[in-house]
Amino acid sequence: MTQSKNFIEIAVEEDLENPDLPNYVHTRFPPEPNGYLHIGHAKAMIITYGIAEKYGGKYNLRMDDTNPEKEDVEYVEAIKDDVHWLGFDWEDRFYYASDFFEDMYNCAHVLIDKGLAYIDEQNAETIRQQRGALTSPGTNSPYRDRPIEESRTLFKEMKEGKHADGSMVLRAKIDMASGNMNMRDPVLYRILRETHYRTGDDWVIYPMYDFAHPLEDAFEGITHSLCSIEFEDHRPLYNWVVEHTDVTHIPRQIEFARLGLSHTVMSKRKLRQLVENGLVEDWDDPRLPTLRGMRRRGYTPKAIRNFAERIGVSKVPNTVDYRFLEYCLREDLNARAPRAMAVIDPIKLTIRNYPEETFEVFEMDNVPGDPDSGRHGYSFSKHLYIEREDFMETPDKNFHRLSPGETVRLMGAYLITCEEVIKNENGEIEEIIASYDPDSAGGKGKKVKGTIHFVDQETAVDADCYLYDLLFLAEDPDADERPYEEQLNPNSRVIMENAKLEPWIFEHQSPIGFQFVRQGYFVRDEKDQSRKTPRFNRSVSLKDSYRPEFE
RNA sequence: UGGGGUGUCGCCAAGUGGUAAGGCACGGGACUUUGACUCCCGCAUUCGCAGGUUCAAAUCCUGCCAUCCCAGCCA
């Protein structure tokens, strides 16, 4: 496959060849520590860090913490943890925007002294009205042309806490008639008496994103500041700031389309709504697209990285089918996850002609096709469990598992033939009686169409299996007018409390979990240490091409 | 009556004037002690629409249409 370059790589290469620009690449991922990272952030991070890696450059991790109202250490720790988990190492280049507050303050003075910024004493409402509308120009503030000296003094007083919250702001003097709303004298600094999680009460003025971000990039020596598409019309302002504040390093902002994923929601606000309304367990609910949730679900960093690399980079608004994400997970797990026997919804199987009080041990490859993965044994006896789904009393034409009179292979063991079905008073199947062919051990004997898995009753370990499916039924929950509560998939989480697992699962360490043969990939959930029965989360099911045929 | 984006198969996405890559999904088949995996085969006479330039256009020009973002003292 030919590796074509995406538009960012093309731009970066042009810059590298430009003798007037740096001959290296240095990028940054700048989350605001006001929430948990999700798969969309992972995409952004992988693009940003991937560009640095591809061109032999460096990358930083930065907390964009310029708003004391929302940010918290809890999130910075979680973010660092998630970034590391994805496999990225920022070495000693971890930054806080809040560490640059003093430098930013000085840059604001440069603007004031150049007559490019002024103190506006109007309130927020007035400023909003003066901004005009999309199709009509704004009007200049009466403070716009006040003497530089006045603004300088007032700005110092703002910093010293001599003025009330909201009583005045520092604004850039650009163009109130610009078609680009961002250029209509944007606010650069506001007064806010709010304790910042890092700087405490040192500051009562805080810089706005449009002023702070380009400076952070400049201070850190970022060459390419990659961000999502909604910042595209902020770029003129970004460039204006670095041009007029006398910073010595000029970064370049390039925007790409953010990730959309079908059947889920991605914005912090919406995720918060799900968590706070108790519609999911928590931020790490395995059904959420948060990195913490996906981690708990059993997604691997490798699967997420492959996913991000394969969906590509463009500026086209997109919604990737969740099935592509699942495909990437299956691909990784199929290659590495050890196989194990587990019956999720058991019914008893008794082998009539097999002796009591004895057992045999059969072996299977941990990962078929990978000799280095080893093998493990599992026991077989007269009393087993099989999957309820693997038996059908009146099978359709395409069903080739167990049914009355039919023969199937018990995986790795014997051929058995169903002889009798025992039901309880409610008509539910309780037990299957079968006979086995003693000459069919380990694959010998006739070929049969069906092979089913089983667990020996004697050695089985109880477990709860959490089966997950789409959180939302709708492809785009936001396009649906109904509240989220009514859109949730009632079967997004099905708890099976009577699963029977082969004991090896508990003896063998496998951080990526196991493939429960013929069913899917599962990982042990360690969150609740107090639970008596172990819990397993289904990361993703196996594909299933069985289609009942009706005639 | 503003500014900035984007429009190639159901979903991503290559393609940058030479006659539509690839992946996912889907359908069919082979293989199979996982109906998994793997392997074959099929899947856009057409690139938002309409004109134009050219021997030749998804690619160039003109016009139009659709759709997304922007009026926080959020990021």
Between A/F256 and A/F7, does the ring centre distance come in under 6.0 Å? no
For RNA chain B, find the residues of residues 180-191 of chain A with a heavy-atom distance under 4.0 Å and give them by number; none if there aren't any. A/N180, A/M181, A/V187, A/R190
Can you check B/rG72 for me, syn or anti if syn means within 90° of 0? syn
Can you tell me how far P in B/rA36 sits from the matching atom in B/rG10, rounded to whole Å? 26 Å
Touch check for A/P207, heavy atoms < 4.0 angstrom, all strands: base, sugar-phosphate only, or nothing? sugar-phosphate
Is it the case that B/rU34 (base atoms only) and A/Q515 (side chain only) share a donor and an acceptor within less than 3.5 Å, ignoring hydrogens and angles? yes
Base B/rG35 to side chain A/R547, donor-acceptor N/O within 3.5 Å cut-off: no
Under 3.5 Å, is there a donor on one side chain and an acceptor on the other for A/R28 and A/S225? yes
Looking across every strand, which nucleic acid part, if any, lies under 4.0 Å from A/R235 by heavy atom: base, sugar-phosphate, or nothing? nothing
Taking only side-chain nitrogens and oxygens of A/R518, does any of them come within less than 4.0 Å of OP1 or OP2 of B/rG35? yes
Checking contacts here: which listed nucleotide (B/rA14, B/rC70, B/rC73) is nearest the side-chain heavy atoms of A/L134? B/rC70
Checking base pairs now: Watson-Crick or wobble, both atom distances under 3.5 Å. What partners B/rA66? B/rU6
Please tell me if A/S314 has a side-chain N or O lying less than 4.0 Å from either OP1 or OP2 of B/rU6. no
When you get a sec, tell me which of B/rG35, B/rC73, B/rA25 is the closest nucleotide to the side chain of A/V169? B/rC73
Which nucleotide sits closest to the side chain of A/V316: B/rA71, B/rA13, B/rC12? B/rA13
Can you tell me, in whole Å, how much space there is between the P of B/rA13 and that of B/rG35? 35 Å
How would you label the contact of A/H213 with the nucleic acid (heavy atoms, under 4.0 Å): base, sugar-phosphate, or nothing? nothing
Using a distance-only test with no angle check, is there a side-chain donor-acceptor pair under 3.5 angstrom linking A/E360 and A/Y414? yes
Base, sugar-phosphate, or nothing for A/F256, non-hydrogen atoms under 4.0 angstrom? nothing
When the C1' atoms of B/rC39 and B/rC31 are considered, how many whole Å apart are they? 8 Å
Assess, by modelled atom type and distance only, whether the side chains of A/Y36 and A/E74 contain a donor and an acceptor separated by less than 3.5 Å. yes
Can you identify which nucleotide, out of B/rC73, B/rA75, B/rG23, has its nearest atom closest to the A/F231 side chain? B/rA75
Charged tip of A/R198 within 45° of A/F101 ring normal and under 6.0 Å: no
Under 4.0 Å, counting only non-hydrogen atoms across every strand here, what does A/T66 touch: a base, just sugar-phosphate, or nothing? sugar-phosphate
Pick base, sugar-phosphate or nothing for A/D165, based on heavy-atom distances below 4.0 Å to the nucleic acid. nothing
Measure the spacing between CD of A/E502 and CG of A/D456 and express it to the nearest 0.5 Å. 10.5 Å
Mind checking if A/Q129 touches a base, just sugar-phosphate, or nothing, with heavy atoms under 4.0 Å? nothing
If you pin A/F7 and A/K447 to their nearest nucleotides in RNA chain B, which one's is more 5'? A/F7
When we call it a touch if two heavy atoms are under 4.0 Å apart, what does A/N34 touch: a base, just sugar-phosphate, or nothing? nothing
By nearest atom, which of the nucleotides B/rA13, B/rG3, B/rG2 is closest to the A/D233 side chain? B/rG3
Minimum-distance nucleotide (side-chain atoms of A/Y327 versus B/rC74, B/rC24, B/rG35): B/rC24
Sugar-phosphate, base or nothing in reach of A/V367, heavy atoms under 4.0 Å: nothing
Check every strand shown and say whether A/H453 touches a base, only sugar-phosphate, or nothing at a heavy-atom separation below 4.0 Å. nothing
Do the rings of A/Y354 and A/Y436 sit parallel, tilted or perpendicular, given the 30° and 60° boundaries? perpendicular
Nearest-nucleotide comparison on RNA chain B, the residue closer to the 5′ end among A/G312 and A/M411: A/G312
How is A/I311 classified with respect to the nucleic acid when contacts are heavy atoms under 4.0 Å: base, sugar-phosphate, or nothing? sugar-phosphate
Please name the pair of heavy atoms, one in A/R235 and one in A/Q253, separated by the smallest distance, quoted to 0.1 Å. CD-O, 3.4 Å
What's the gap between B/rA21 and B/rU16 when it is taken at their P atoms, as a whole Å value? 12 Å
For the side chain of A/I127, counting heavy atoms from C-beta on, which of B/rC73, B/rC69, B/rA36 is nearest? B/rC73
Between A/Y118 and A/Y143, does the ring centroid distance fall short of 6.0 Å? no
Should A/Y209 be listed as having a side-chain N or O under 4.0 Å from OP1 or OP2 of B/rC74? no
For the P atoms, the ones on B/rC9 and on B/rA44, what distance do you get once it is rounded to whole angstrom? 12 Å
Students often get this wrong, so: under 4.0 angstrom with heavy atoms, is A/P236 touching a base, only sugar-phosphate, or nothing? nothing
Write down the distance separating the C1' atoms in B/rA71 and B/rA25, rounded off to the nearest Å. 41 Å
Looking only at side chains, do A/D396 and A/N398 share a donor and an acceptor under 3.5 Å apart? no
Would you tell me if any nitrogen or oxygen in the side chain of A/S545 comes within less than 4.0 Å of OP1 or OP2 on B/rA36? yes
Out of B/rU1, B/rG5, B/rA75, minimum distance to the side chain of A/E32 belongs to B/rA75
B/rU6 versus B/rG42 - spacing of their P atoms, nearest Å: 35 Å
Phosphate OP1/OP2 of B/rG72 contacted by A/R131 side-chain N/O (<4.0 Å): yes
Considering only the P atoms, how many Å lie between B/rA57 and B/rG17, rounded to the nearest integer? 14 Å
By the Watson-Crick or G-U definition, both distances under 3.5 Å, B/rC39 is matched with B/rG29
Would you please say whether a donor-acceptor pair under 3.5 Å links the side chains of A/N123 and A/E125? no
Counting the atoms with a prime plus P, OP1 and OP2 as sugar-phosphate, which does A/M208 contact under 4.0 Å by heavy atoms, base, sugar-phosphate, or nothing? sugar-phosphate
